[in-house]
Amino acid sequence: MWRFTGRPAGPVATTLKSGPWVAPHVPAENTRHPLAAFEAEAGSRLRDALEAHAPGTEPRFVHGVPPEGQGEFAAGCFPLAKTLSAKPADIATTLAERVAKGLEGATDSWVAGVAAMGPYVNFRIDVPRLIAATLQATHTHGDAYGRLPERAEKVILEHTSANPNGPLHVGRARNPIIGDTLVRAYRMAGYDTEAQYYVDDMGKQVAILAWARAHLDEAQVGKLIGPAARDKVDHVQVRYYQAANRLMEEDAEVGREIQALIHATETGDDAALERVEEGYADVFQGMRDSLARMDVTFDRFIKESTFVKNGDTQKVIEGLQAQTEVPVGAEGEALYLDLALKGVTGRSTRFFFRRSDGTSLYATRDVAYHLWKAGQADRLVNVLGEDHKLQATQVRVSLEMLKAPTLPQVVFYSFVSLPEGKMSTRRGRVVFLDDLLDEAVERAYVEVKKRRGDELSESEMRTIAEHVGVGAVRFTIAKVQAEKSITFKWEEALSFDGFAAPFIQYSHARVAGILDKAKAHGHLPDPDRAHLLVHDSEAALAKAIARLPVVVADAAAKHRTHGIADYAYEVAQAFNAFYRDCRVVDAETPELVSARLALVEAARSALAAAHHLLGIKALEQM
RNA sequence: GGGCACGUAGCCUAGCCCGGAUAUGGCGUGGGCCUCCUAAGCCCAAGAUCGGGGGUUCGAAUCCCCCCGUGCCCGCCA
């Protein structure tokens, strides 16, 4: 099934990604961030040089990372060419000379060297100092390495919020994975973060399920729908929902009963809501079990009905009716906002927020939910499918009109489709998340058995396979930008090679293997011997480790998960190069052993943090 | 019809916000590496009109305009 030979070349012991290293909120003075300190100093020295050369000139440079071997921070002088009427290359030469002069005799500098290369001024970091600082930071903070200083800012991150009427399918699986990864990023970035799941306990979907569970038995459902695909409660009970959908079409009385239940829930009728909850509770538990298997959990489940029962929804209706920014239209007793003035276009620009029977609509209640959230958090983040874009606009505009103190920032993800087209439960064209996880775990089991079958026990292999399989699924989603549409293909989703979770986990297992062996030999890590680490692969690994805080800050600030996946790969790759080049436990001297052990320990910290951010299990062996 | 998003080697993908040094990785393909801390690894090679066309600029994958393709949306559904 898989082949593990003939792989293409990887890059040489890479060091740093292109682009600016330092996100604005990583405090440079924080000793946990040597790269930030270095960049800040380089920038400051460059500005001083410019000021000395041409006083009053606005210091505008293009920042980046130089090619391999030419330093760690680059400043392109193009933007200065016009104002100084000089060639960028000449400016670079002049500035580099001045910076070099300023560095003479400087103590306590992060900058080890500066050189002009064409139109660029390239700065080299003091590598021994970087390594030393990194080993100190990781040795001191251990598993907390990468955690940014706490900030007094509360974040509510809402994600998944799938209707509790059937098993999760992979079309929506991006939501919990992206959402949970962002929750982890926010927490590590120092925010007080609450993960919320908004439970749609009103309306058609859950009413149908509840009616079915109350009126149908297994025999009837089995006859109409057939046997369940698997013995898991959400898969078993979704058939009731499917059966009721069919019955509704044939039997008008069934439709009327369900309609009555829907109406009752939407008026906030307690008895009806209770019946509905009894109907979906088991299915919902099944869905949460699937999420928990991927290590996705929530701090709070907020029921949609809350905001009908407490009157908030009615207040929203009244508030929208009273606002004067856009025209309020009526069709009978039903009310809508014409959002043409707010940039909404298309066949209809109308946003209905009240039905003719006086009840609310989903979006209206969502406005109430968001007002409530805005009252208790400084920042709101939602992860939504791209099909919710219009609704999100309606909610945002409404919140603005109602003077909400905080507006949600929305991360939209595109759909996962199948090669044969859009996923459709109705047409039986779906891949369930449970099936994907099972298949991934099964394939992982085959692999681990093939490699370690005669060394590990059955239960050890099962455990490893579970973590490798589930991790692979999470990683596959997390590594791609949310906006990209995905066509689901089994071969790709289950690829364990290259830029994939097992590569990361394997590196961690190697690290663990070395630490185990060192322990057995009685070696201890010593970060104070950092000066003994002079190999390029050691420096490259330390640089990768040092970048973690930047990655954490960036992921939270930009709401992007793929940067974390890239980073995990980068550290794993750097570690593999180090592993290739440098022996640890049997290094030449005991001092070098302890120095390298400190580096391995540092790598473990960075890899463990990356695993944690991605929600994948850091394995001791595989 | 209108809006939003996406389009980078056979396939997947980074870079796009904030224009600059030979466009990032992976899969697959062709070679090579296990007396040595796990070869789920490492090394080398081939592979790119950055969807197309205009424009701005000293310089465009990146900014602007037009077009093409794909997805999503335009319900008193959620």
Side-chain angles (χ1 to χ4, degrees), chain A residues 2-12 14 17-20 62-64 66-67 70 74 76-79 81-82 88 117-120 122 163 200 202-206 304 331-336 343-350 352-357 359 361-363 366 385-391 393 412 414-415 417 422 444 447-448 450-452 455 468 479-481 483-487 489 491-492 495-503 505-507 509-511 513-518 558 562-563 566 569-570 573 576-577 579-581 583-586 600 621-622:
Chain A
W2 288 299
R3 306 228 304 273
F4 290 90
T5 53
R7 266 191 213 80
V12 243
T14 328
K17 298 281 172 180
S18 60
V62 176
H63 299 282
Q70 292 183 46
C77 299
F78 311 97
K82 200 164 263 177
M117 177 61 73
Y120 294 89
N122 292 337
N163 283 346
D200 179 23
M202 308 178 62
K204 200 172 167 185
Q205 318 302 335
V206 281
E304 189 178 344
E331 215 164 77
E333 295 294 306
L335 299 175
Y336 64 87
V344 173
T345 59
R347 277 191 272 271
S348 168
T349 56
R350 302 189 298 183
F352 277 89
F353 61 93
R354 192 189 111 124
R355 287 210 183 92
S356 47
D357 65 2
T359 60
L361 288 99
Y362 179 83
D366 207 16
E386 61 176 337
D387 55 331
H388 280 66
K389 278 184 178 176
L390 175 62
Q391 193 235 320
T393 302
F412 291 107
S414 296
F415 277 177
S417 59
K422 194 180 168 179
E447 287 305 314
V448 71
K450 188 166 83 193
R451 291 152 214 272
R452 311 288 306 279
E455 298 170 65
V468 169
K479 75 177 180 182
V480 182
Q481 278 183 35
E483 316 77 77
K484 295 256 187 186
S485 53
I486 294 180
T487 301
K489 300 185 189 98
E491 323 85 72
E492 285 172 18
S495 166
F496 290 177
D497 293 335
F499 187 27
F503 181 93
Q505 291 170 312
Y506 185 66
S507 281
R510 277 179 155 177
V511 165
I514 292 174
L515 293 176
D516 271 357
K517 193 175 166 190
K558 293 180 179 168
H562 66 276
D566 281 345
Y569 185 75
E570 176 187 333
Q573 195 174 242
N576 283 337
Y579 180 89
R580 176 195 66 219
D581 295 332
R583 305 290 302 173
V584 178
V585 179
D586 38 352
V600 173
Q621 57 175 349
M622 60 186 282

S.K.: Which atom pairs link the protein and nucleotides 19-23 of chain B when you take only N or O atoms and keep those under 3.5 Å?
M.R.:
| unit_1 | atom_1 | unit_2 | atom_2 | d |
| --- | --- | --- | --- | --- |
| G20(B) | O2' | Y120(A) | OH | 2.8 |
| A21(B) | N6 | N122(A) | OD1 | 3.1 |
| A21(B) | N1 | N122(A) | OD1 | 3.3 |
| A21(B) | N1 | N122(A) | ND2 | 3.1 |

S.K.: Taking the minimum atom-to-atom distance to the side chain of K82(A), which one of C36(B), U13(B), C58(B) wins?
M.R.: C58(B)

S.K.: For D200(A) and Q205(A), what are the C-alpha separation, side-chain angles and deciding distance, and is it a side-chain hydrogen bond (donor to acceptor under 3.5 Å, both in side chains)?
M.R.: CA-CA 9 Å; D200(A) 179 23; Q205(A) 318 302 335; over 6 Å; no

S.K.: Tell me: CD of E483(A) to P of C4(B), nearest whole Å?
M.R.: 16 Å

S.K.: To the nearest angstrom, how far is Y579(A) atom OH from A40(B) atom P?
M.R.: 10 Å

S.K.: Once you round it to whole Å, what is the distance between P of C27(B) and CZ of F499(A)?
M.R.: 11 Å

S.K.: Given atom CG of D566(A) and atom P of G15(B), what is their separation to the nearest angstrom?
M.R.: 8 Å

S.K.: Roughly how many Å is it from CZ in R510(A) to C1' in A39(B), rounded to a whole number?
M.R.: 7 Å

S.K.: How close or far is atom P of A78(B) from atom CD of E304(A), stated in whole angstroms?
M.R.: 7 Å

S.K.: Would you kindly give the CD-to-P distance between Q505(A) and A40(B), to the nearest whole Å?
M.R.: 14 Å

S.K.: Using 30° and 60° as the class boundaries, would you call the ring planes of F352(A) and Y336(A) parallel, tilted or perpendicular?
M.R.: tilted

S.K.: Can a side-chain donor-acceptor contact be found between D497(A) and S495(A) if the only test is distance below 3.5 angstrom?
M.R.: no

S.K.: Rounded to the Å, how far apart are D581(A) CG and C36(B) C1'?
M.R.: 14 Å

S.K.: Provide the Watson-Crick or G-U wobble partner of U70(B), both distances under 3.5 Å; none if there is no partner.
M.R.: A5(B)

S.K.: Could you tell me whether the phosphate oxygens of A5(B), OP1 or OP2, come under 4.0 Å of any side-chain nitrogen or oxygen in Q481(A)?
M.R.: no

S.K.: For nucleotides 67-76 of chain B, print each protein N/O atom paired with a nucleotide N/O atom at under 3.5 Å, atom names and distance only.
M.R.:
| unit_1 | atom_1 | unit_2 | atom_2 | d |
| --- | --- | --- | --- | --- |
| G71(B) | O2' | E386(A) | OE2 | 3.2 |
| C72(B) | O4' | E386(A) | OE2 | 3.4 |
| C72(B) | O2' | E386(A) | O | 3.4 |
| C72(B) | O2' | D387(A) | N | 3.4 |
| C74(B) | O2' | S348(A) | N | 2.8 |
| C74(B) | O2' | S348(A) | O | 2.8 |
| C74(B) | O2 | R347(A) | N | 2.9 |
| C74(B) | N3 | R347(A) | NH2 | 3.1 |
| C74(B) | N4 | R347(A) | NH2 | 2.7 |
| C76(B) | O2 | S356(A) | N | 2.8 |
| C76(B) | O2 | S356(A) | OG | 3.0 |
| C76(B) | N3 | S356(A) | OG | 3.1 |
| C76(B) | N4 | E331(A) | O | 3.0 |

S.K.: Check the phosphate of G7(B) against K484(A), side-chain N and O only, distance under 4.0 Å to OP1 or OP2. Yes or no?
M.R.: yes

